Amino acid sequence: MLDIQLLRSNIDDVAARLAARGYQLDVQAFNALEAERKALQTRMQELQAKRNASSKQIGIAKRNGEDVSAIMAEVASLGDELKNAETGFDAVQKQQDNWLMSIPNLPHESVPSGKDENDNVEVRRVGTPRSFDFEIKDHVDVGAPLGLDFDTGAKLSGARFTVLKGDIARLHRALAQFMLNTHTGEHGYLEHYTPYIVNDSALLGTGQLPKFAEDMFKVTKGGEEGTVDQYLISTSEITLTNTVSGEILKAEELPLKFTAHSPCFRSEAGSYGRDTRGLIRQHQFDKVEMVRIEKPEDSYAALEEMVGHAENILKGLGLPYRVITLCTGDMGFGAAKTYDIEVWLPAQDTYREISSCSNCEAFQSRRMMTRFKDENGKNQLVHTLNGSGLAVGRTLVAVLENYQNADGSVTIPEVLRPYMGGKDKIGG
RNA sequence: GGAGAAAUGGCCGAGUGGUCGAAGGCACACCCCUGCUAAGGGUGCAUACGGGCAAAACCUGUAUCGAGGGUUCGAAUCCCUCUUUCUCCGCCA
């Protein structure tokens, strides 16, 4: 959520910055709504003040045993007018809130401007794609004999669900373990285990709602709609970030660095026909997530550091990758700046996204009301960051493709072998 | 699932219809006093939004005592619904 004060004082500037990310801010509509709000609020508050003053007088008069019928009559006449003013104000306020909640974040000044993914800027490439002296297979064909089973997944749950069996299930688990151990042991993140079902308030906090309900899986308890809507998490960014919603943190507690391994559920609405083959785009996939709660002045250094933490996983696994800065037009709703990490997939002969690290600045904390007390004792909104470290399913894809051998086996990256009972390869 | 109790400021805790945004204590900040320590005295100390202001300081208004509704001229206090916590019973991995 943007600061409404900024909209009030600098709306043209805000509109221009939003235009860079392809969002048309309706300045006129805002100004009209704002004028209406101001008039209604002033009127309402005047009436409330009048009522409060009269009620106070009644109290005093009664205590002194005086006659109060005159004041009673006077204040009674306020009733309807006050009720109307309150109703009107509430309606406008709600309209303004909903609208505000649907405006994306402002891009940071360092973000390259551009229209779509073609305007993203490559920052660096690390590692050299391996050259193969045999006909390579994609991960679907490499994985099939090892226990990668799309048919059974489809039988159980439909398209975009998969069953992993045997060594490949273990490899999948090994990847998550390696990531989690690295982030907790070497990067200083606190491991969390969190719910996979959350209330809508959490999704409002991190920005999945109100705008992106169609991307989520909604769940019901016993088949009945409860008093609050609940959803499967699409990322543990939601739970990790919302652990501090509504809190006023102490400055010395910051930064907070959280990590969790969780499944992610995404309806993938609107992606029919895209990445239908294989594990790339699933309704359910695992991810190890990093979340950081930072002081504003530290958040951009933290973003760089967190990208480095995600990169360390790829370096450890020996997978070639590149880091790109998303342009203004390609960033997600809540991000002020995003780096994507793309891993080399030899069968696709291209780099594919495997991590996304974003600084949301105060966009989420303003929605969640997460603040900290600064040196002057003032409450300031924190900055929130999140990043995949990494998407486990896609990492599995990358390992299968990059480490495949001519005989159909897959070499296990060195760092994973302790998790694989010491094996150096599977299959073949 | 059943029965009961509870939810108040950073924390503890008083407050059952009227100068209550809320006593008191703790914590915290500043000042005074005290030759250390401890104790004592004073002052300050919730949040959001609106208006005044170019802005800060400040002044002022409104709202907020788990959430949402209701009764009333007036609600922390009464009524309803919900949420959460605790105790007991049942069920269950």
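Note on naming: letters A, B, ... go to the chains in the order of the sequence lines (proteins, then strands), and numbering restarts at 1 for each one. In this text the structure is predicted, and so the values were computed from the model without any measurement.
Protein atom CZ of A:Arg366 is 16 Å distant from nucleotide atom C1' of B:rU47, rounded to whole Å. Here B:rU47 presents its P atom at 13 Å from CG of A:Leu381, a figure rounded to the nearest Å. Counting to the nearest Å, the P atom of B:rG10 and the CD1 atom of A:Ile248 are 6 Å from each other. As rounded to whole Å, 15 Å separates atom C1' of B:rC49 from atom CG of A:Leu7. Rounded to a whole Å, the NZ atom of A:Lys250 is 7 Å from the C1' atom of B:rG10. In this structure, A:Glu247 atom CD and B:rG9 atom C1' are separated by 15 Å, rounded to whole Å. Remark: P of B:rG9 and NZ of A:Lys373 are 14 Å apart, rounded to the nearest angstrom.
Side-chain atoms of A:Thr162 and A:Gln284, non-hydrogen and from C-beta on, never get closer than 4.5 Å to each other. A heavy-atom distance below 4.5 Å is found between the side chains of A:Thr384 and A:Val382.
B:rU16 and B:rA75 have their C1' atoms separated by 10 Å, given to the nearest Å. For B:rG69 and B:rG90, the C1' atoms lie 33 Å apart once the distance is rounded to whole Å. Between the P atoms of B:rC65 and B:rA5, the separation comes to 23 Å (whole Å). B:rG68 and B:rA76 have their P atoms separated by 13 Å, with the value rounded to a whole Å. Rounded to the nearest Å, the gap between the C1' atom of B:rU8 and that of B:rU84 is 16 Å. The same atom, C1', is picked in B:rG35 and in B:rA23; the two are 38 Å apart, to the nearest Å. If you take atom C1' in B:rC33 and the same atom in B:rA38, they sit 14 Å apart, rounded to whole Å. To the nearest whole angstrom, the two P atoms, one in B:rU19 and one in B:rU64, are 15 Å apart.
More than 12 heavy atoms of other shown residues, nucleotides or ligands fall within 6.0 angstrom of atom CD in A:Glu297. No more than 12 heavy atoms of other residues, nucleotides or ligands lie within 6.0 Å of NZ in A:Lys50, so this atom counts as exposed by the packing criterion. For CD of A:Glu414, the number of neighbouring non-hydrogen atoms (other residues, nucleotides, ligands) closer than 6.0 Å is 12 at most.
Ion pair A:Asp275/A:Arg352 flagged as a salt bridge, since at least one NZ, NE, NH1 or NH2 atom sits closer than 4.0 Å to an Asp/Glu carboxylate oxygen.
For A:Arg371 and B:rU47, the shortest distance from a side-chain N or O to OP1 or OP2 is not below 4.0 Å.
Ring geometry for A:His309 against A:Tyr189 counts as perpendicular: the plane angle is over 60°, on a 0 to 90° scale with 30° as the lower cut. Note on ring orientation: taking the six-membered ring where Trp is involved, the planes of A:Tyr193 and A:Tyr196 are perpendicular (angle over 60°, cut-offs 30° and 60°).
Among the atoms of the strands shown, none is found under 4.0 Å from any heavy atom of A:Gln93.
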Counting primed atoms, P, OP1 and OP2 as sugar-phosphate and everything else as base, the B/S/- map of nucleotides 51-74 of chain B against protein heavy atoms under 4.0 Å is S-----S---BSS---------BS

Could you walk me through whether A:Phe212 and A:Phe333 pass the ring pair (Phe, Tyr, Trp, His ring centres under 6.0 Å) check? CA-CA 10 Å; A:Phe212 305 102; A:Phe333 182 68; 5.2 Å; yes

Could you spell out the base pairing of RNA chain B in dot-bracket, with Watson-Crick or G-U pairs whose two distances are under 3.5 Å, [ ] crossing and | to another strand? ((((((((.[[[..)..(.....]]].(((((.......))))).(((((((.....))))))).[[[[[..)....]]]]])))))))....

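Comparing A:Asn379 and A:Gln5, the nucleotide of RNA chain B nearest to each residue sits closer to the 5' end for A:Asn379.
No side-chain donor from either of A:Gln282 and A:Glu268 sits under 3.5 Å from a side-chain acceptor of the other.
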